[in-house]
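Just below is one structure, and these are the notes that go with it.
We name chains A, B, ... by the order of the sequence lines, and we start the count at 1 in each one.
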Amino acid sequence: MTQPQDLPKDAAHRLEELEHGLFTSDLSVNEFLLVKEAGFHPLGFVMGSSIYHIGLQTRKWGESQELTKLTEAMYTARELAMNRMEEEAQALGADGVVGVRLDVNYYEWGSDSAEFIAFGTAVKAEDGTSHLNALGKPFTSDLSGQDFWTLMQTGHVPQGLVMGTCVYHIAHRKFTQALGSVGQNVELPNFTQALYEARELAMTRMQDEAGLLKASGIVGVRLEEKSHQWGSHTIEFLALGTAVTKTTGTVTLPKPITIISLDN
Amino acid sequence: MSSPPTADPRAEMLQGARSLAEAPPPGEARGITSDLSVDEALLLHSAGWEPVDLVCGVAVVSVPVGVWNWGQGTISAATDAHNTAVESAARQLRGECTKVHGHGVVGVRVQVEVRPHHIDVELVGTAVQPVAGTDGGGTPFVSDLSARDFILLKGAGWMPVGLAFGACFVYAPRRSAGVAMKQKTQNVELTNFTEAMYTARESAMERMQRSALDAGGQGVVQVRVTEGPMSFARHAVGFTAWGTAVRLVADSHQFLRPELVLPLDDAVVTFEAQSLRGK
Amino acid sequence: MSDGSPDLPEAAVRRLESNSFSSGLSVPDFAACLDLGLQPVALVQGFCVMQWGWYGAGSGYMRGASPYFGGQQYPGAYAETYRCPHGFVSTEHRTWGQNIEQPWVEAAWAQGYGSAYARMLEEAALHGAHGAIGVVDRVSHLADTGTTEFHFLGTAVTVEGGPPPAGGTPWSTYLAGQRLTKSIEAGFMPVAVVAALASVRVWAYCMTEYLMEGARTWGGPIGPQEVEQVSKAHMAVRQLARKHVREQLAGDALHGASIQVEKRELAAGDEVIDCTLRGNRMRRFKEFDEVPAPRPTVRLT
């Protein structure tokens with residue numbers, strides 16, 4: 001077993017226990033069966049966490065801009081949590097992690113700080129083929145057991161959960177500006193441009209991550225917008241998805257049967 | 001029915017894309033508009049029916065001043081206003097349906113708003129007709145059953161005939177101060193309260209049944225009952241009962257004989273557009 | 001909008017230049033899309049932020065819209081006038097009222113919605129996409145800035161071996177996955193997502209005002225009475241929304257439509273009713289053929 005680098009002692013101990021044949025997982029029975037169906041065996045429930053202090057950045061009241069310091073904090077903290085989870089998975093000799101969830105917790109005792117957590121179930125291919133990604137690490141994905149099975153049937157394999165984030169400050173409008181355009185519903189190109197820029201930055205960064213993994217694409221992209229604790233004008237735009245590569249390209253998914261369910 | 005040959009989805013997609021790139025739009029006078037989900041539209045399709053148009057009926061009926069004030073028994077002005085509004089909305093809905101040559105309206109969403117001075121009723125649904133295009137003949141049916149339920153019901157030999165509804169508004173009875181004092185320490189049924197509520201509920205149900213019979217129904221399915229005090233007048237209580245009147249049109253009930261399935265998904269996984277945005 | 005795409009921000013261009021695809025499709029939708037021979041190329045977006053006011057009572061902008069001021073007329077717009085049957089002449093008595101369509105509100109909405117939609121398609125076209133599937137649109141108010149944002153999101157796809165779209169504009173649909181497969185199987189090809197807003201302002205006349213305030217007895221009790229002006233406005237706004245959408249259909253069908261009505265009451269009987277209708281414009285590309293009937297099932301759990 002490879003010794004994990006920056007994990008607490010108890011984590012190493014827990015992982016050691018898992019090496020003796022016991023597996024734990026937060027997969028439901030259905031998901032468990034489908035992961036098995038896809039040719040994988042669950043190894044253990046893995047996680048990573050990081051409590052991160054988010055710095056301050058001044059915003060200009062009337063100007064839309066990216067808050068790079070906050071962006072960096074949000075990104076690094078998630079990356080740390082993800083890395084630790086990957087290390088746990090690596091310690092188990094896993095090929096990948098499925099069902100990854102990324103959460104942010106705020107505690108009363110830590111103002112301006114937040115805990116970033118990543119959970120998932122480490123899995124290993126039963127036929128012994130390696131599914132490590134281009135970086136030699138276990139793949140990660142936020143796919144459920146059902147989605148994992150379905151994806152494998154389409155001739156694609158997951159490479160990693162990729163993300164991009166951008167914290168953006170949306171300008172307040174000056175009173176005179178607002179007054180000047182009373183009674184007219186007109187486009188405000190500056191606002192359009194600001195929102196466009198913010199979301200595009202998040203998506204470009206996500207795509208850059210996929211590029212590092214030499215992925216052929218990203219599926220299930222979600223765009224989340226949260227104000228966290230910064231007030232309504234400062235928004236984090238987070239893009240998340242699972243990078244995939246094509247293996248065979250043949251879709252072996254059987255044609256679905258249409259049913260009409262009589263259940264309520 | 002012979003089962004149709006299963007076509008190659010790729011070939012069909014190509015055919016569709018080509019027709020779009022090459023052929024001009026049909027340019028007929030009117031296209032079909034429907035608010036059915038795609039699932040429902042396809043279900044209708046599989047049973048040889050199709051949507052025709054989105055239809056609606058709205059009625060706003062005034063309630064005379066003072067009817068919500070204290071009184072006794074049924075608030076007949078409000079009850080009448082409610083019935084007038086529903087009838088008028090349903091009439092408009094049927095009118096729109098006839099205009100587009102629909103045989104009936106399915107998936108009707110019923111919205112009733114009771115306000116101090118007016119009662120608003122809104123009915124929105126999709127007019128449907130068989131693909132074969134036979135003339136409807138007679139009054140179109142109106143039903144709050146989904147297209148899915150309609151198809152199931154039709155397959156079993158039943159047809160919806162109309163919306164069955166009934167409403168009743170009553171004043172909560174009052175006890176005299178003396179009686180209230182006397183009962184303060186007792187465990188006792190408040191018979192006049194029981195009776196008033198009971199009667200009102202019965203009256204709403206009875207009205208619903210009568211409207212079902214008038215429409216030629218043999219039964220009413222999916223009855224929904226609402227009741228409760230008015231937000232603006234707590235001493236006035238309203239009861240409504242809604243359902244779809246149905247009648248057997250086949251010689252006898254046709255059995256569905258469902259198959260048993262063991263689903264392996266945790267929840268029904270459907271395409272949900274909003275999930276794109278996260279929670 | 002054609003070459004050079006002046007409307008797209010620099011970040012978008014950079015993202016669109018990379019050669020891997022991204023898609024907002026869920027895995028089941030992704031699988032179904034591959035099955036149809038569709039190749040996702042990119043997640044595409046479009047936005048438009050509009051200044052948005054409500055033209056409440058007292059706003060200078062409603063001048064010209066009110067029957068009390070007279071003014072600009074919109075030819076072809078819905079309008080209906082009601083006159084007092086009593087013959088009273090008094091400043092407090094509303095001797096006439098009107099239901100009028102508000103084409104300027106409709107036009108502003110159409111501009112916001114249309115620009116955002118066009119920008120999304122522009123992104124898709126830049127990719128050489130043939131269509132956009134799984135489109136999501138959202139109209140929301142942005143923080144407290146008095147603005148409304150129109151936002152579109154979709155997955156641009158190419159049809160394997162398919163022809164380029166007519167006129168270079170990709171087709172689009174809210175559908176994705178098996179729903180799309182089934183629609184194609186039933187013979188319907190998506191053309192575009194369409195939507196329209198209809199807005200009607202009700203200026204109550206005396207009868208409407210009295211009925212909505214609670215009908216009083218004017219020399220004798222009156223029973224429940226339909227408030228004709230308001231009922232008609234409600235019917236009209238829904239019909240207008242359908243008319244506006246139908247104008248964009250050119251004979252095609254609208255599937256999976258959703259109709260939303262929002263009303264703001266300004267005074268007894270005075271209100272603004274907005275109705276939004278949106279759906280998938282679909283074109284029938286083959287004659288009706290049977291699709292297999294679904295099998296009725298009961299869950300064994």
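Note: Y117(C) and F150(C) fail the aromatic proximity criterion, with ring centroids not under 6.0 Å apart.
The one candidate from E236(A), R205(A), E72(A) that meets the side-chain hydrogen bond (donor to acceptor under 3.5 Å, both in side chains) condition with T165(A) is E236(A).
For a residue to count as touching a neighbouring chain, one of its non-hydrogen atoms must lie under 4.5 Å from one of that chain's; by this rule L151(A) touches chain C with backbone and side chain alike. Heavy atoms closer than 4.5 Å to chain A are found in the side chain of F30(C), but not in its backbone. Neither the backbone nor the side chain of V162(A) comes within contact range of chain C; no heavy atom of the residue lies under 4.5 Å from a heavy atom of that chain.
Checking side-chain atoms of E123(C) against main-chain N and O of V44(C) turns up no donor-acceptor pair under 3.5 Å.
A salt bridge links R199(A) with E149(C); the closest basic N to acidic carboxylate O contact falls under 4.0 Å.
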